[in-house]
There are 2 protein chains.
Amino acid sequence: MHFKEIIATIKTRRKSLQVTQEEVSELSGVSLRTLKQFESSKGNLTMANLQKLCDTLGLEIKLTVKEIHR
Amino acid sequence: MHFKEIIATIKTRRKSLQVTQEEVSELSGVSLRTLKQFESSKGNLTMANLQKLCDTLGLEIKLTVKEIHR
DNA sequence: CCCAAAAGAGCACTATAATGCACTTTAAAG
DNA sequence: CTTTAAAGTGCATTATAGTGCTCTTTTGGG
């Protein structure tokens with residue numbers, strides 16, 4: 001997944017849970033300003049904050065070896 | 001995956017490819033200092049740098065909805 | 001069309017990630 | 001044990017992520 005997809009995934013997930021940015025901010029501890037910037041594709045989130053958001057939204061971060069297609 | 005696992009995954013992957021931190025640094029554009037700090041569990045990488053490292057090492061970042069076990 | 005809630009943006013400041021350089025420690029080979 | 005490459009660390013500086021506050025824009029009901 002690339003950057004944009006990651007943002008889209010988080011945004012979509014939040015909406016599917018029907019929570020506002022403000023609620024996620026409060027629950028996760030990531031400031032509202034930071035979350036807003038992130039969701040609108042500005043800025044460069046730190047892993048700590050990404051993790052907080054994912055934890056709050058029930059998302060899991062995975063790193064896998066990329067398969068080579070031929 | 002949690003923070004430590006992510007670090008471990010990257011470190012392990014690098015070793016399995018038999019490349020040094022220095023080589024990864026040059027290939028990825030992430031500074032050697034930053035990579036060293038990251039691999040030794042200090043610091044809080046930004047997503048941009050995480051992405052660079054993953055790209056270089058042939059790793060894929062995925063966000064998935066966490067399954068609920070019961 | 002109106003209104004209210006939610007989302008997005010400008011500005012300014014603080015905290016800290018990113019970085020370079022020099023030095024220390026560790027680990028592998030002989 | 002010695003040598004040497006790779007990995008880790010301290011210090012200082014620069015760049016930028018994180019944040020609050022305020023204001024604007026967008027969006028979904030009614």
Side-chain angles (χ1 to χ4, degrees):
Chain A
M1 274 182 136
H2 222 338
F3 213 80
K4 290 186 177 179
E5 295 169 81
I6 291 175
I7 295 174
T9 300
I10 289 186
K11 201 165 181 171
T12 301
R13 173 66 173 167
R14 180 176 64 76
K15 293 196 171 178
S16 84
L17 293 174
Q18 301 193 54
V19 288
T20 63
Q21 292 177 339
E22 194 163 7
E23 289 171 298
V24 172
S25 166
E26 282 163 8
L27 291 170
S28 65
V30 176
S31 85
L32 184 55
R33 195 69 183 72
T34 298
L35 178 54
K36 281 176 184 300
Q37 275 176 167
F38 174 65
E39 282 199 7
S40 51
S41 300
K42 327 249 160 171
N44 182 16
L45 212 61
T46 54
M47 286 184 62
N49 276 339
L50 176 64
Q51 195 101 68
K52 286 182 191 173
L53 293 179
C54 287
D55 286 351
T56 301
L57 295 170
L59 290 172
E60 164 104 21
I61 302 173
K62 286 183 185 173
L63 285 196
T64 60
V65 175
K66 209 179 292 174
E67 284 305 318
I68 298 170
H69 311 270
R70 69 192 84 189
Chain B
M1 275 183 137
H2 202 343
F3 213 80
K4 291 186 178 181
E5 295 169 80
I6 291 175
I7 295 174
T9 299
I10 288 186
K11 201 164 181 171
T12 301
R13 173 65 174 168
R14 179 176 65 75
K15 294 197 170 177
S16 84
L17 293 175
Q18 302 193 55
V19 287
T20 63
Q21 291 177 340
E22 195 164 6
E23 289 171 297
V24 172
S25 166
E26 283 162 9
L27 291 170
S28 65
V30 176
S31 86
L32 184 56
R33 194 70 182 71
T34 298
L35 178 54
K36 281 175 184 299
Q37 272 176 171
F38 174 64
E39 282 199 7
S40 52
S41 299
K42 327 249 161 168
N44 183 14
L45 212 62
T46 54
M47 286 185 63
N49 276 339
L50 175 63
Q51 195 101 68
K52 286 181 190 171
L53 293 178
C54 287
D55 286 351
T56 300
L57 295 170
L59 290 173
E60 163 104 22
I61 303 173
K62 286 183 186 175
L63 285 196
T64 60
V65 175
K66 209 178 293 173
E67 284 305 317
I68 298 171
H69 311 268
R70 70 191 80 190

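Order of the sequence lines sets the chain letters (A, B, ...), proteins ahead of strands, with each chain counted from 1. Bear in mind that the values here come from a model prediction, so they are computed numbers and not experimental data.
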Using a 3.5 Å distance criterion without hydrogens, assess whether the side chain of A:Glu60 forms a donor-acceptor pair with backbone atoms of A:Cys54. no
Find the distance B:Glu22:CD to D:dA5:P and express it as a whole number of Å. 11 Å
When rounded to the nearest 0.5 angstrom, what is the spacing between NE2 in B:His2 and CG in A:Asp55? 7.0 Å
Once you round it to whole Å, what is the distance between C1' of C:dA7 and CG of A:Leu32? 9 Å
Whole-Å distance, B:Gln18 CD to D:dA6 P, equals 12 Å
Remember a base hit wins even if backbone is also touched, and classify B:Thr20 as base, sugar-phosphate or nothing at under 4.0 Å, heavy atoms. sugar-phosphate
Could you tell me whether the phosphate oxygens of C:dC13, OP1 or OP2, come under 4.0 Å of any side-chain nitrogen or oxygen in A:Arg33? no
Please check: side-chain N/O of B:Asn44 versus main-chain N/O of A:Thr46, any donor-acceptor pairing under 3.5 Å? no
Any idea which of D:dT19, C:dG8, C:dT19 is nearest the A:Gln37 side chain? D:dT19
Considering the options B:Glu39, B:Arg33, B:Glu26, which one meets the side-chain hydrogen bond (donor to acceptor under 3.5 Å, both in side chains) requirement together with B:Gln21? B:Glu39
For C:dG8 and A:Gln21 - does any side-chain N or O of the residue sit under 4.0 Å from the phosphate oxygens OP1/OP2? yes
Phosphate OP1/OP2 of D:dT22: any A:Lys36 side-chain N/O under 4.0 Å: no
Which residues, if any, of residues 40-51 of chain A bring a heavy atom under 4.0 Å of DNA chain C? A:Ser40, A:Lys42, A:Thr46
To the nearest angstrom, the CG-P distance between B:Leu35 and C:dT19 comes to 10 Å
Atom of B:Met47, atom of A:Phe38 and distance for their closest heavy-atom approach: SD-CE1, 4.2 Å
Taking atom C1' of D:dA6 as reference, at what distance in whole Å does atom CZ of B:Phe38 sit? 18 Å
Check the hydrophobic clustering (I, L, V, M, F, W, Y; side-chain heavy atoms under 4.5 Å; chains of links allowed) and say if B:Leu27 and B:Val30 are grouped together. no
Does A:Lys15 reach a base, just sugar-phosphate, or nothing at all? Heavy atoms under 4.0 Å. nothing
Using OP1 and OP2 only, check whether a side-chain N or O of B:Thr34 sits under 4.0 Å from C:dT19. yes
Separation of D:dT19 atom P from A:Glu39 atom CD, nearest Å, is 15 Å
Under a 4.5 Å cut-off applied to non-hydrogen side-chain atoms, are A:Glu23 and A:Thr20 in contact? yes
Give a yes/no answer on whether the side chain of A:Arg14 brings an N or O atom under 4.0 Å of OP1 or OP2 in C:dA7. yes
